[in-house]
Structure formats: C-alpha cells, structure tokens
Novice: 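One structure is given below, represented as structure tokens, and several questions about it will come after.
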There are 2 protein chains.
Amino acid sequence: MSDATTYTISQLAKEFEITTRAIRFYEDQGLLHPTREGQKRIYLSKDRVFLKLILRGKRLGFSLAESRGLIELYNPIGNNRVQLKTMVDKITNKQKTLDQQLHDIQIMKNDLKKAEQRCRLAMDKFDT
Amino acid sequence: MSDATTYTISQLAKEFEITTRAIRFYEDQGLLHPTREGQKRIYLSKDRVFLKLILRGKRLGFSLAESRGLIELYNPIGNNRVQLKTMVDKITNKQKTLDQQLHDIQIMKNDLKKAEQRCRLAMDKFDT
DNA sequence: CAGTAAGTTTACGTTAACGTAAACGTTAAT
DNA sequence: ATTAACGTTTACGTTAACGTAAACTTACTG
C-alpha cells in the first residue's frame, strides 16, 4: 500500500497540466506537504492523490478550503467522540451538496438536450 | 406560455436568498434584462428562469460568463447555418463537462462513503 | 568555466463576483 | 412633515486563486 514512488514538482505539473506556481500555492494553503531533499520539494504518491482530489474538487467548483476539508477526511481519523461526530457531519454535508449537484446536472443535461434538438431541427430546414 | 407575472428586485432577492446587489450585477454582466417602470426594474418570469439557471450554474462552479453562454441557448436560435453549427458545438462541449462532473461526483461519493464507514467503525469502538 | 535547465523565495499584479457605503429619489404611513 | 421602506446610481474595497517577474541557488553539460 505504501507506494514509494516520488515526484518532482515539474513532473506533477506536467502530468496534471498545471503550473508549478499552482502546486506551491496549494502547499501554502496547507493542501500539500512535500518533503524536502535539500531545497527541493519531493512529492510522495499521497501528495499525488491529494492533487487529484484538489483538481476534481475544482472541476466541481469547490474552493481550496473545501478541498482541504476533504483531504482531512483521509487522515488517521480523529481521536475522540466529538471529533468523529464532527467528521460525520462534515461528510453528510458534502454528500448533500453532491446530491444537489447531481440534481442540477440532470436538469441541465435535459435543457441542453432540448436546445440541441431545436438546433438540429432548424438545421434540417436548411438542408431542404 | 407567456406568463405575465412580474417581480420586483427584492422579491427575487428574497426568493433566491441573494442580495439585490448581486441581481443588479448580473444585469451589468448582460445576464438579465429587466424592463423599467420609471426608474424601477421590473422582472418578467423569463428573468426568473434565467436567475434560476445562473444559480444552478453557480452551484456547479460555472462562471457568470459560462452561464451567460447557457442563457443564450434559450434565444430564438441563430439565423444561419454557421451560427447553428457553433451553437451545437457549444452544447456538445457543455454536455461533456457535465458528464465529467457526473463522473467526478461518483468518485467523491464513493470516497465519502468509505470515510463515513471508517468513522462509524471508530465510533462503535467507543460504545463498547 | 560558461551556459542552461530546473529549482527556490519574495513580492507585486490581476480577475471575478460581489460587499459596502454614500448620497439621493419615491411612496406610504404616522 | 418626518420617518420608514424600497428603490436608484456611483464608486471604492475585498477575497480567492493564481500569474508574472525578479533575483538567486544547484546541478549537469558542452
């Protein structure tokens, strides 16, 4: 499970088509925690997973703060009852927004389908 | 089809739980086109539909520019072949990003489910 | 040993999407 | 007549998420 593969900052930048600036910024915001080899940042596969999560979050319109919240759910889990309860609440909330998004997407897909049909009908008339 | 219901800016603001400032801003950006009664803005049901669309877009992380693009799909459709082709392309692109978002949501929902299970397991151990 | 390729820090600039405040005009009620 | 509730325009302020640039180090490469 503990993948020992490491990555440089430019490797990750290339793979995910983002800038190194962005990656360093995510670190500033506490989303990534690369180790150092001298001055240089070394990223573990864990960081790569988190990066994926960040970008997935961005595609869904999440802020970096929200993605940081999601990343924290990957941690070895809080110690006491209260922390666990808080965690479950956070999870439940996220699940609700995801379900809302699912619903929104269905509506939009329907609207787009209708719009597409209108276009195709109008185009057909040109071809007569 | 032509609903004659009209709305004041504060009615819409209250209904959708946004500020009047935001609504005026959307007009500035060319997303809404209320008529005027003297100085005051009067919104038709069409505007209300567009407002819904804007907020739905926001929940999915769309920019106002993107939502404006979506609104334009509701128009009486472009005149010539080229415009129609452009329109269909835009629609196809949006459909792709929506499908990508659907995929992203499935993954996230799965991750959240696992995280929730870990939490519940940890909580069960407290109750023994 | 000069060059260049990849890394670093520091810092100011930029865009989107409003928030906030000032200063003012209607209309209705007290 | 004044206060309240709602509306208007104009304009500066704010936050997030980087972009861009400068100035520098480290490592290899011809």
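Here is how names work: the chains are called A, B, and so on, in the same order as the sequence lines, proteins then strands, and each is numbered from 1.
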Novice: Compare side-chain N and O positions of B/Thr19 against OP1 and OP2 of C/dC18 and report whether any pair is under 4.0 Å apart.
Specialist: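 No, B/Thr19 has no side-chain N/O under 4.0 Å of OP1/OP2 on C/dC18.
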Novice: What nucleotide among D/dA11, D/dT8, C/dG7 has an atom nearest to a side-chain atom of B/Arg21?
Specialist: D/dA11
Novice: Between A/Ser10 and C/dG7, is there a side-chain N or O to OP1/OP2 distance below 4.0 Å?
Specialist: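 So the side chain of A/Ser10 is within the cut-off, an N or O lying under 4.0 Å from OP1 or OP2 of C/dG7.
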Novice: Any base atoms under 4.0 Å from B/Tyr26, or only sugar-phosphate, or nothing? Heavy atoms, all strands.
Specialist: sugar-phosphate
Novice: If I take atom NZ from residue A/Lys113 and atom CZ from residue A/Arg118, how far apart are they, to the nearest 0.5 angstrom?
Specialist: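 Answer for the NZ-CZ pair, A/Lys113 versus A/Arg118, is 14.0 Å.
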Novice: For B/Arg41 and D/dG7, is the shortest distance between a side-chain N/O and OP1 or OP2 below 4.0 Å?
Specialist: no
Novice: Cation-pi between A/Lys14 and A/Tyr7: NZ/CZ under 6.0 Å from ring centre and within 45° of the ring axis?
Specialist: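 Pair A/Lys14/A/Tyr7 does not count as cation-pi.
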Novice: Between C/dT9 and A/Arg36, is there an OP1 or OP2 to side-chain N/O distance shorter than 4.0 Å?
Specialist: yes
Novice: Would you indicate, yes or no, if C/dC18 has its OP1 or OP2 atom less than 4.0 angstrom from a side-chain nitrogen or oxygen of B/Lys58?
Specialist: yes
Novice: Which part of the nucleic acid, if any, lies within reach of A/Thr20 when heavy atoms closer than 4.0 Å are counted: base, sugar-phosphate only, or nothing?
Specialist: nothing
Novice: Please state whether the phosphate of D/dG7, meaning OP1 or OP2, lies under 4.0 angstrom from any side-chain nitrogen or oxygen of B/Thr8.
Specialist: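 For B/Thr8, the contact criterion (side-chain N or O under 4.0 Å from OP1 or OP2 of D/dG7) is met.
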Novice: How bent is the helix from C/dC1-D/dG30 to C/dT30-D/dA1, comparing axes over its five end pairs at each side, to the nearest 10°?
Specialist: 20°
